[in-house]
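For ligands, and for the atoms within them, numbers begin at 1 and follow the listed sequence.
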Amino acid sequence: MTSLACRMAIALPVAALAFIAQSLVAYAEEPWVNAPMGPVAREIQPVYWILFAAAVVVLVIVDGGIIYSAIRFRERPGHVAKQFHGHNMLELTWTVIPTAMVIFFSVISFQRLQFINDTRTDAQMTIQAEGRQWSWIYTYPQEDRFKLSDGTYLQGAEEIHVPVGTKVRIELSATDVIHDFFVPAIGGKKDAVPGRKTEVWIQADRPGVYKGQCAEFCGDGHADMLIVLHAHDEADYQTWLRGALELANLLNDPATKRGKEVFEANACVGCHLIRGTKAAGRIGPELTKIGSKENIAGVLSPVNVENLKRWIANPPAVKPGTAMPVVPLSEDDLDAVAKFLFVLK
Ligand code: CUA
């Protein structure tokens with residue numbers, strides 16, 4: 001080998017190992033097979049490891065046998081291949097062992113299916129998840145605590161929020177093609193089929209954010225069809241719910257819609273940029289996602305309708321020396337603009 005080839009022969013595997021090590025570090029979350037976070041995942045975990053171990057043993061025996069035979073019995077001058085037909089012991093072995101394995105795997109899988117498929121017993125909550133190209137729409141239960149001011153029930157996209165330690169039944173449906181609901185760490189994996197209702201259940205042991213993914217190829221955007229499951233403890237769930245209801249009610253509020261018109265009809269647009277509107281000013285800060293910012297103008301937090309009103313009504317009173325002037329607005333207009341800005345998330 002030339003010295004370059006020699007160096008490459010060392011450098012390439014080292015680079016590959018470094019790359020793998022780095023991706024493992026980047027993957028900070030523990031893989032679900034090491035740390036299942038819900039009863040269903042925990043039920044599936046041992047089956048996974050048994051199958052994995054069996055697959056490794058089969059791989060070693062079969063591929064080892066192939067490699068050994070290929071080397072040991074390769075064609076060489078002076079060697080004549082032995083001619084024979086059939087070998088009862090061998091044939092019996094490679095028929096009986098795989099059959100026994102398949103039966104064993106079936107038994108340990110079927111034993112668990114009843115538990116995994118039992119979406120009803122002790123389920124405390126039902127959330128509907130509708131798959132469409134390429135997102136999930138979640139509708140929360142028809143209970144008073146999820147009711148909006150217009151009489152409909154809370155819906156959400158992208159994120160699904162559940163209380164920790166609660167068995168939640170997910171009713172799955174699809175509007176266009178087949179999708180699949182899968183949050184590995186929690187368990188549960190089920191197709192969402194157009195024209196049919198399917199069910200799966202989830203339960204999270206601990207608060208946290210669990211990532212999932214549509215697990216059925218459903219077109220161009222399949223890879224982006226994520227499931228972000230937020231599990232909250234009881235107090236946290238109430239806080240999330242209060243905020244979600246407030247936001248949903250504001251989005252339905254006619255004042256919020258009117259706020260955009262008020263904003264566009266006033267001096268605001270001269271200074272501020274809000275993508276997707278007529279506001280294209282560059283003098284003041286961009287307000288495209290003001291609703292999800294930590295504070296207003298660096299001084300007022302949290303960002304809510306009340307604080308937005310307080311700020312817009314008289315900026316110099318809140319932050320002396322600010323370049324933002326008082327824009328005279330009626331009380332109604334002020335309310336509308338604050339609501340419009342708050343829902344920009
Ligand atoms: Cu939806 Cu893949």
### Query
Quick check: does any side chain N or O of Asp335 sit under 3.5 Å from a backbone N or O of Glu331, one acting as donor and the other as acceptor?
no

### Summary
Among the N/O/S atoms of His222, atom 2 (Cu) of ligand 1 lies closest to ND1

### Atom name in His179, limited to N/O/S, at shortest distance from atom 1 (Cu) of ligand 1
ND1

### Query
Is there a donor-acceptor contact under 3.5 Å from the side chain of Thr288 to the main chain of Arg275?
yes

### Task
Step by step, work out the side-chain contact (heavy atoms from CB on, under 4.5 Å) result for Ile160 and His230.
CA-CA 6 Å; Ile160 173 170; His230 291 249; over 6 Å; no

### Message
Under 2.8 Å from atom 1 (Cu) of ligand 1, can any N, O or S atom of Met225 be found?
### Response
yes

### Task
If you have a sec, read the angle at atom 2 (Cu) of ligand 1 from Cys218 atom SG over to Glu216 atom O, to 10 degrees.
110°

#### Entry: Side chain Thr322, main chain Lys319, donor-acceptor under 3.5 Å
no

